[in-house]
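Read through the structure below, which is laid out as structure tokens, and then see the notes.
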Amino acid sequence: MSTDTTAAPGRADAPEGVEDAPPFRYSAALAGEIERRWQDRWEQEGTFHTPNPSGPWADPEALGGAKFYLLDMFPYPSGAGLHVGHPLGFIGTDVLGRYLRMNGRTVLHAMGFDAFGLPAEQYAVQTGTHPRTTTEENIGRYKAQLRRLGLAHDERRSVATTDVEFYRWTQWIFLQIFNSWYDEKRQKARPVVELEAEFAQDKRRTPDGRGWCELTGAEQRAVIDSYRLAYISEAPVNWCPGLGTVLANEEVTADGRSERGNFPVFRRNLKQWMMRITAYADRLVADLDRLDWPDSVKSMQRNWIGRSEGAQVRFPVVGVDAPIEVFTTRPDTLFGATYMVLAPEHPLVDAITPEQWPAGVDERWTGGAATPAGAVAEYRLAASRKSELDRQENKEKTGVFTGAFATNPVNGGQIPVFVADYVLMGYGTGAIMAVPAQDQRDWDFATSFGLPIVRTVQPSEGWDGEAFTGEGPAVNSANDEVSLNGLGVAEAKRAIIDWLAARGHGESVVQYKLRDWLFSRQRYWGEPFPIVWDEDGPVALSERELPVELPEIEDYSPKTYDPDDADTEPEPPLSRAADWVRYDAGHARETNTMPQWAGSCWYYLRYLDPENHERFVDPEVERYWLGRDESRPGDPGGVDLYVGGVEHAVLHLLYARFWHKVLFDLGHVSSEEPFRRLFNQGYIQAFAYTDARGTYVQAEEVVEDEDGRFTWNGQPVRREYGKMGKSLKNVVTPDEMCERYGADTFRLYEMSTGPMDVSRPWSTRDVVGSQRFLQRVWRNLVDERTGAVRVTDAEPDADTLRALNRAVAGVHDDYAALHYNTAAAKLIELNNHLTKVYGGTGVPRSVAEPLVLMMAPLTPHVAEELWARLGHDGTLAYGPFPVADERYLVAETVEYPIQVNGKVRSRVSVPADAGTDDVQAAALADEKVVAALAGKEPRKLIVVPGRLVNVVV
RNA sequence: GCCCCCGUAGGCCAACCGGCAGAGCCCGCGGAUUCAAAAUCCGUCCAGUGUGGGUUCGAAUCCCACCGGGGGCACCA
């Protein structure tokens with residue numbers, strides 16, 4: 001994709017001008033030759049094959065050091081190939097993996113592909129090419145691009161979600177979920193056969209109270225089906241006509257459009273597969289505390305799950321059987337509830353609406369309608385016509401009176417019931433008690449409808465706002481039996497909940513924003529469900545019938561529609577494969593497919609044991625790589641380090657945690673969480689330039705003049721900063737960088753530009769710095785004209801030993817902390833020292849060897865090459881990594897800066913083992929200090945050992 | 001509107017628990033090499049840490065406010 005760009009200066013293959021370069025200079029051409037050779041050798045020798053405790057790769061002997069499971073987020077192999085931003089994280093994990101391996105750790109590092117998905121399918125729709133063909137081509141290209149970077153993956157463990165042998169196990173996991181229910185009492189998933197047994201033995205009551213045997217077979221099935229963790233529901237879902245599929249809540253943006261394609265999304269009642277992730281809401285929140293994850297991601301997950309504690313309170317309505325149930329997080333403000341609101345879709349609205357307006361009704365409340373029913377109908381119609389966006393942009397409160405009054409259980413007050421769309425059916429009970437004094441939304445509504453406002457929390461001194469949501473003592477909150485007055489918010493909540501519960505008016509409950517996960521899609525290129533249908537519902541296939549393979553079909557497209565046409569029906573492409581759909585005389589296959597997230601929910605388990613055809617992963621292998629570490633209290637187990645972008649904070653990471661917990665509950669894995677430690681890498685960003693018409697111009701042809709203005713072909717252009725992308729004409733590819741500088745230089749450059757978690761701009765111009773460093777190292781060890789090794793057997797001098805050991809000590813910490821930029825700086829510093837001292841004579845072997853070993857994680861190819869040239873036969877991939885000699889870490893003398901009143905005025909050198917008194921004496925004897933004191937006694941004298949002296953006068 | 005993160009030389013970034021603002025790379029400048037250039041090599045310039053206050057003997061580091069940038073959430077009762 002970048003082959004058509006103009007040739008850049010200094011290309012390795014440029015025939016002109018490089019003829020007089022020394023023949024053994026570390027040029028891009030030489031680097032390329034070295035890199036190809038070592039990549040071949042690693043592959044031939046299986047250098048990075050990682051043993052398992054059992055199974056085909058069992059080698060318990062080889063599992064010497066502590067294990068480390070290192071994981072990159074599952075890439076999608078797009079048709080566009082990689083740009084230089086993509087491998088940033090992959091290189092970062094590779095550096096760590098290589099470092100750990102050299103230090104004796106047993107490292108598992110593999111790379112696979114999340115290969116189902118829309119782009120291959122859309123390409124198939126356009127061209128008729130089977131998505132598998134496109135997918136396999138793309139995977140092939142990705143693998144070639146990644147191989148060129150010298151990543152130390154165990155290539156035997158590579159999987160793709162589209163492999164039949166992989167999706168067979170995805171289907172198997174689906175069956176486990178389908179065949180399970182959530183036991184609230186034990187707080188875990190259990191097989192549905194155990195649920196059936198409980199019903200059959202009358203240990204559990206049926207929904208309508210009849211005995212289990214009195215139910216028909218179909219009724220029994222319906223009861224069991226309603227408990228399953230994967231179930232069919234006819235409920236409002238996100239229907240996207242433009243894509244022709246339904247979407248999960250997580251795939252819909254805040255303004256009601258599809259994350260992919262940006263098409264409008266409508267709420268429609270449709271029969272779809274759901275996953276009961278809400279059963280795990282509590283554990284998904286609670287276990288975040290046991291994970292070593294960035295706070296931002298934890299808070300996004302907490303936010304998304306939206307756990308809130310509160311109370312459910314029942315408000316009786318005169319003349320109606322069913323009370324209105326509300327959820328509130330502020331039951332302490334119940335005495336201040338002056339009206340109620342139902343969501344427009346609330347099922348009780350029709351039941352409570354009387355025939356006539358009550359006498360003397362406020363005309364603001366009626367919406368101008370003659371009857372309550374008329375007003376409600378009109379309001380509902382208007383509300384249903386508003387899009388999500390309208391509702392958000394227009395925050396003015398609207399609503400209409402139902403004509404009904406409810407009774408406030410705490411004081412018997414008759415309060416009016418409204419319908420208003422600021423209350424959402426999808427959250428809580430779809431009804432609220434409105435407390436305008438303590439809720440700004442209610443305040444806004446109350447003021448525009450002339451409703452009373454009663455303060456029940458005393459606002460703080462000097463409060464001049466409207467609704468007061470802060471902490472304060474309760475007021476106006478007492479009846480004959482209970483008084484909250486004077487209590488703080490938390491105490492008042494407890495007191496009123498106790499009272500409500502004792503009277504049967506309510507109880508404390510926990511609400512979640514999290515909804516169940518919509519799990520079916522109307523697509524071709526996804527995993528088929530291992531499900532067939534009879535007239536009573538879905539039936540699971542047996543494990544022996546797996547895999548259920550995708551049938552060949554003529555037309556891969558789902559039926560798509562006018563993106564704005566909400567009144568359309570999804571039609572999955574598989575429904576047109578008539579022969580395949582017909583399973584037998586009484587059964588038809590499920591024609592939806594699974595969403596793309598399915599495969600990425602468990603791929604990290606398959607890397608562990610990809611050749612296992614009996615199980616999705618062998619339990620012993622799983623326990624070895626992911627098991628809980630008993631030495632760490634509360635450790636949930638899981639991958640030791642998971643590196644990827646923050647964009648998966650909610651979707652993938654939440655779904656994968658959910659599946660993992662189900663598998664844990666059912667005893668299939670020993671770990672409670674999939675990813676023990678998560679690290680969000682930064683992004684590589686890039687500048688893009690537009691001309692006067694706003695069209696993007698080729699970024700690498702833009703030049704900057706001395707005044708800092710940017711021009712392209714002489715025309716001024718505007719610079720913007722952001723993503724790298726084909727349409728922005730600023731893509732730089734790793735292949736291009738390997739070509740021009742070599743993979744090692746490219747790796748080193750990416751790792752040098754900042755710590756792993758920081759985003760930074762790409763700058764091709766800067767890459768040369770990394771290449772120069774490698775050239776200098778090479779030149780220090782290899783004669784550029786003859787290719788002979790230049791190291792000597794001389795003893796290094798004391799300065800050099802100190803420089804070396806300082807570098808060794810520092811580099812250990814930097815690698816372990818993922819601060820590769822500072823590790824690289826220390827290596828450069830050491831090499832600069834060697835150049836200065838030994839540039840003319842050759843570097844002592846005892847310094848050259850550790851330098852090469854320390855470089856190996858960052859620049860493995862050139863390090864292997866130098867290691868071999870230094871006379872070693874085998875690979876350095878397994879170390880040993882140098883260890884610092886403490887003796888050389890302490891200097892003989894220490895130079896103390898002497899501050900006078902916090903400003904550095906002088907310096908003194910003292911022996912490193914000098915005591916505080918000696919340092920103090922040396923400082924006071926210094927002539928500049930004597931001058932500053934001018935005969936006076938210092939007021940205070942601070943000596944920080946090893947650091948400095950501060951004299952206060 | 002609410003919450004989180006980040007502001008250090010021209011650019012990218014260092015600075016452990018508060019202790020000399022600088023490790024490294026690029027750019028710029030000067031020089032060596034060259035017929036010249038590229039490449040390479042050597043040398044060198046550059047900020048007082050977004051702004052204002054506070055704590056401290058001492059603040060890039062801790063606290064408060066503001067400004068700027070990035071991200072998340074957004075009628076969730």
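Reminder, nothing fancy here: chain letters follow the sequence lines and each chain counts from 1.
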Note: [X]-[Y] ion pair, threshold 4.0 Å (strictly below):
X	Y	value
A:Arg802	A:Asp799	yes
A:Asp289	A:Arg302	yes
A:Glu750	A:Arg760	no

Which is true for [X] with a 4.0 Å heavy-atom rule: it touches a base, it touches only sugar-phosphate, or it touches nothing?
X	result
A:Lys513	base
A:Thr835	sugar-phosphate
A:Gln440	nothing
A:Asp439	nothing
A:Val951	nothing
A:Ser299	nothing
A:Ser759	sugar-phosphate
A:Val767	nothing
A:Ser763	nothing
A:Ile942	base

Provide the distance between the two [atom1] atoms, one in [N] and one in [M], to the nearest whole Å.
N	M	atom1	value
B:rG28	B:rA36	C1'	23 Å
B:rG54	B:rU49	P	15 Å
B:rC29	B:rG72	C1'	45 Å
B:rA39	B:rC46	C1'	27 Å
B:rC45	B:rU40	C1'	22 Å
B:rU44	B:rU61	C1'	31 Å
B:rU55	B:rC64	C1'	11 Å
B:rG70	B:rC42	P	40 Å

Please name the residue in the list A:Thr333, A:Thr328, A:Asp332, A:Leu334 that meets the side chain to side chain contact (heavy atoms under 4.5 Å, CB included) test with A:Lys493. A:Asp332
Checking A:Val297, A:Asp292, A:Leu291 against A:Leu678 for side chain to side chain contact (heavy atoms under 4.5 Å, CB included), the one that qualifies is A:Val297
Using the side-chain heavy atoms of [X], tell me which of these nucleotides is nearest: [options].
X	options	answer
A:Arg779	B:rC41, B:rC13, B:rA77	B:rC41
A:Asp766	B:rC26, B:rC41, B:rG19	B:rC26
A:Asn832	B:rC25, B:rC13, B:rC41	B:rC25
A:Thr753	B:rA77, B:rC12, B:rA14	B:rC12
A:Asn950	B:rG19, B:rC13, B:rC42	B:rG19
A:Arg765	B:rC75, B:rC73, B:rC26	B:rC26

Provide, to the nearest angstrom, the distance between the CD1 atom belonging to A:Ile828 and the P atom belonging to B:rA14. 14 Å
Rounded to the nearest angstrom, tell me the gap between atom CG in A:Leu748 and atom P in B:rC26. 11 Å
Spell out, as yes or no, whether a donor-acceptor pair under 3.5 Å connects the side chain of A:Asp516 to the backbone of A:Ile277. yes
Should B:rC17 be called syn or anti, with syn set as within 90° of 0? syn
Which glycosidic conformation, syn or anti, is assigned to B:rG48 if syn requires a torsion within 90° of zero? syn
Do we see a donor-acceptor contact under 3.5 Å between the side chains of A:Tyr422 and A:Asp444? no
For A:Lys826 and for A:Val758, locate the closest nucleotide of RNA chain B by heavy-atom distance; then report the residue assigned to the nucleotide nearer the 5' terminus. A:Val758
Mate of B:rC2 where both pairing distances stay under 3.5 Å, Watson-Crick or G-U: B:rG72
